[in-house]
There are 2 protein chains.
Amino acid sequence: MQPDLTDRKILELLQQNAQMTIKEIAAHINLSVTPVHERIRKLEKEGIIDKYVGLLNRRKLGKALIVYCNVTLDKQRKESFEDFNEAIVKMNEVLECSIVSGNFDYMLKIVVEDAEAYNQFYQHKLSALKSVLHISSYFVISEIKYTTAISVV
Amino acid sequence: MQPDLTDRKILELLQQNAQMTIKEIAAHINLSVTPVHERIRKLEKEGIIDKYVGLLNRRKLGKALIVYCNVTLDKQRKESFEDFNEAIVKMNEVLECSIVSGNFDYMLKIVVEDAEAYNQFYQHKLSALKSVLHISSYFVISEIKYTTAISVV
DNA sequence: GTTGAAACCGGTTGTCT
DNA sequence: AGACAACCGGTTTCAAC
């Protein structure tokens with residue numbers, strides 16, 4: 001079932017701060033705790049709320065560099081994609097990987113310590129994959145915006 | 001202060017599931033609740049844990065389309081960047097926006113309902129910005145990997 | 001860092017409207 | 001479907017080791 005406006009308000013709040021108490025959420029949307037509690041449970045059960053995670057400060061952990069990169073595969077055979085996908089999922093430097101339309105095959109987002117760490121990743125892990133033909137890397141100079149919250153209201 | 005190995009194990013767990021109880025975390029890393037509690041408080045206070053958020057299932061909310069796009073500004077003046085940045089931060093279709101090195105200025109990640117919604121966004125919001133010279137859009141055909149967790153161990 | 005205890009508070013459940 | 005109240009479990013703080 002599709003969430004109504006009240007559900008969506010709850011989703012907006014939980015996307016900003018998963019530690020809000022039900023009481024606080026209830027106050028924000030002028031309800032009591034019971035319906036808020038029921039709605040959250042339903043949204044979790046239906047998988048509309050996928051999970052709750054902690055977001056870390058990259059820089060304070062020495063992961064200063066983000067690189068977006070475009071990858072083209074050697075042969076666009078089914079097995080090439082399968083091999084590449086399987087390898088990418090295991091690489092914890094890769095936060096995002098999607099097959100895209102256009103003049104290359106994949107868009108990746110990679111987080112590493114610094115340029116040297118990226119060089120290591122590039123040479124020994126990414127370009128080492130058999131199916132990879134070409135890679136273009138775009139180093140992030142300044143992160144203007146980053147959010148995990150999609151607009152639902 | 002830099003987090004030690006125990007802190008990093010806690011961070012790994014909280015990045016996967018922010019709702020783990022302190023008792024559960026303690027069990028995973030063979031400690032009692034008191035030190036785990038103290039460490040988490042410290043990591044939050046130092047801003048190493050930035051925040052806790054709920055992650056939603058895009059598809060179940062009708063936001064089926066991800067588009068990565070490259071933007072080049074008309075004039076690379078300071079004011080052009082400032083205007084563009086300010087406008088982008090307000091657009092809730094834009095989840096990520098970074099200034100990058102290379103043959104264009106910005107990399108964006110955009111989430112919308114469908115191709116028609118992207119068309120509306122593209123025509124009336126993104127390309128409507130005065131400072132924008134050129135936009136290349138890459139539609140996501142298949143999302144292979146998406147995580148918010150950076151590797152810390 | 002560990003154990004144990006106590007206070008507190010939010011999540012949870014049942015009942016009533 | 002929402003409000004109210006009681007219960008339970010986890011968090012939080014403290015003491016002592």
Side-chain angles (χ1 to χ4, degrees), chain A residues 1-58 60-63 147-153, chain B residues 1-63 113 147-153:
Chain A
M1 202 186 77
Q2 276 300 312
D4 64 13
L5 182 60
T6 304
D7 288 329
R8 287 169 188 271
K9 285 180 186 166
I10 294 172
L11 292 174
E12 286 281 338
L13 294 170
L14 288 177
Q15 281 190 103
Q16 297 303 327
N17 178 11
Q19 295 207 128
M20 254 190 160
T21 64
I22 294 182
K23 198 180 269 184
E24 285 170 333
I25 295 170
H28 267 80
I29 59 178
N30 294 314
L31 251 74
S32 66
V33 291
T34 315
V36 174
H37 179 251
E38 280 166 2
R39 282 166 183 273
I40 293 174
R41 284 296 295 274
K42 185 174 59 93
L43 291 165
E44 289 169 350
K45 192 161 139 287
E46 290 178 3
I48 291 174
I49 298 174
D50 187 34
K51 57 178 177 173
Y52 300 94
V53 300
L55 298 184
L56 309 187
N57 184 318
R58 276 189 1 260
K60 293 191 178 169
L61 288 159
K63 301 273 182 174
T147 180
T148 55
I150 62 177
S151 176
V152 291
V153 287
Chain B
M1 202 185 77
Q2 276 300 313
D4 64 12
L5 183 61
T6 304
D7 288 329
R8 288 169 188 272
K9 285 180 186 166
I10 294 172
L11 292 174
E12 286 281 339
L13 294 171
L14 288 177
Q15 281 190 104
Q16 298 303 326
N17 178 11
Q19 294 206 130
M20 256 189 158
T21 65
I22 295 181
K23 197 180 270 183
E24 286 170 333
I25 295 170
H28 267 81
I29 60 178
N30 294 315
L31 251 71
S32 63
V33 290
T34 315
V36 173
H37 179 251
E38 280 166 1
R39 282 166 182 272
I40 293 175
R41 281 290 91 80
K42 185 174 60 90
L43 292 165
E44 289 170 351
K45 193 161 138 285
E46 289 177 1
I48 290 174
I49 298 174
D50 187 35
K51 57 178 177 175
Y52 300 94
V53 301
L55 299 184
L56 309 187
N57 183 318
R58 275 188 3 260
R59 287 153 182 276
K60 294 192 177 169
L61 287 159
K63 301 274 183 174
E113 282 79 358
T147 180
T148 55
I150 61 176
S151 176
V152 291
V153 286

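Note that these values count all heavy atoms, side chains included, but never hydrogens, waters or copies made by symmetry. Note that the coordinates shown come from a computational prediction; the quantities given were computed from them, not determined experimentally. Naming convention: chains lettered A, B, ... in sequence-line order (proteins, then strands); numbering from 1 in each chain.
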**Student:** Thinking salt bridges, do A/Asp4 and A/Arg39 make one under a 4.0 Å N-O criterion?
**Tutor:**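 A salt bridge is present here (some side-chain N lies under 4.0 Å from a carboxylate O).
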**Student:** Does B/Arg41 make a side-chain N or O approach to OP1 or OP2 of D/dT11 shorter than 4.0 Å?
**Tutor:**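 Checking D/dT11 against B/Arg41, no side-chain N or O comes under 4.0 Å of OP1 or OP2.
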**Student:** Do the side-chain N or O atoms of B/His37 get closer than 4.0 angstrom to the phosphate oxygens (OP1, OP2) of D/dT11?
**Tutor:**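 For D/dT11, neither OP1 nor OP2 has a side-chain N or O of B/His37 closer than 4.0 Å.
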**Student:** Ignoring the backbone of A/Pro35, work out which of C/dG11, D/dG2, D/dT11 is nearest its side chain.
**Tutor:**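 Of C/dG11, D/dG2, D/dT11, D/dG2 is nearest to the side chain of A/Pro35.
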**Student:** Closest approach to the side chain of B/Lys23, judged atom by atom: which nucleotide of D/dA3, D/dG10, C/dG11 is it?
**Tutor:**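 So the side chain of B/Lys23 is nearest to D/dG10.
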**Student:** Nearest-nucleotide wise, let me know which of A/Glu38 and A/Gln19 is further upstream toward the 5' end of DNA chain C.
**Tutor:**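 Its nearest nucleotide lies further toward 5', so the answer is A/Gln19.
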**Student:** Starting at CD1 of A/Ile25 and ending at P of D/dG2, how long is that distance when rounded to a whole Å?
**Tutor:**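 Atom-to-atom, A/Ile25 to D/dG2, this comes out as 14 Å.
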**Student:** In whole angstrom, what separates B/Glu24's CD from D/dG10's P?
**Tutor:**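 Interatomic distance, CD of B/Glu24 to P of D/dG10: 8 Å.
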**Student:** Side chain of B/Lys63, backbone of A/Ser151: donor and acceptor closer than 3.5 Å?
**Tutor:**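 Yes, because the side chain of B/Lys63 sits within donor-acceptor range (under 3.5 Å) of the backbone of A/Ser151.
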**Student:** Applying a 4.0 Å non-hydrogen cut-off, can you work out what A/Thr34 is touching in the nucleic acid: base, sugar-phosphate, or nothing?
**Tutor:**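 Base contact.
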**Student:** Rounded to the nearest angstrom, tell me the gap between atom CG in A/Leu5 and atom C1' in D/dA1.
**Tutor:**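 Distance, rounded to whole Å: 16 Å.
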**Student:** Which whole-number value in Å describes the distance from A/Asp7 CG to D/dA1 C1'?
**Tutor:**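 Taking atom C1' of D/dA1 as the reference, CG of A/Asp7 is at 12 Å.
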**Student:** Rounded to whole Å, please give me the gap between CD1 in B/Ile22 and C1' in C/dC9.
**Tutor:**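 Rounded to whole Å, this separation is 14 Å.
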**Student:** Using a heavy-atom cut-off of under 4.0 Å over every strand shown, decide if B/Ser32 touches base, sugar-phosphate, or nothing.
**Tutor:**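 Base, at least one base atom sits under 4.0 Å.
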**Student:** Is any side-chain heavy atom of A/Leu56 closer than 4.5 Å to a side-chain heavy atom of B/Leu43?
**Tutor:**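 When only atoms from C-beta onward are counted, B/Leu43 and A/Leu56 do not touch, as no gap falls below 4.5 Å.
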**Student:** Under 3.5 Å, is there a donor-acceptor pair between the side chain of A/Lys42 and the main chain of A/Asp7?
**Tutor:**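 Judged by distance alone, no pair lies under 3.5 Å.
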**Student:** How does DNA chain C look in dot-bracket notation if pairs are Watson-Crick or G-U with both distances under 3.5 Å, crossing ones as [ ], other-strand ones as |?
**Tutor:** ||||||||||.||||||
**Student:** Rounded to whole Å, how long is the line connecting atom CD1 of A/Ile10 with atom P of C/dG11?
**Tutor:**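 Checked: the CD1 to P distance equals 12 Å.
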**Student:** When you measure from the side chain of A/Glu44 to the backbone of A/Lys51, do you find a donor-acceptor pair of N or O atoms at a distance under 3.5 Å?
**Tutor:**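 Not at all, since once roles are kept as given, no pair shorter than 3.5 Å links the two residues.
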**Student:** Salt bridge or not between B/Lys9 and B/Glu12? Use side-chain N to carboxylate O under 4.0 Å.
**Tutor:**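 Result for this pair is no, no salt bridge flagged.
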**Student:** Could you state the CG-C1' distance from A/Leu14 to C/dG10, rounded to the nearest angstrom?
**Tutor:**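 It is 15 Å, rounded to the nearest whole Å.
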**Student:** Less than 4.5 Å apart, side chain to side chain, heavy atoms only: is that true for A/Leu61 and B/Leu11?
**Tutor:**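 SC-SC contact between A/Leu61 and B/Leu11 confirmed.
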**Student:** Whole Å only: how far is the CD1 atom of B/Ile40 from the P atom of D/dT11?
**Tutor:**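 About 8 Å, once rounded to whole Å.
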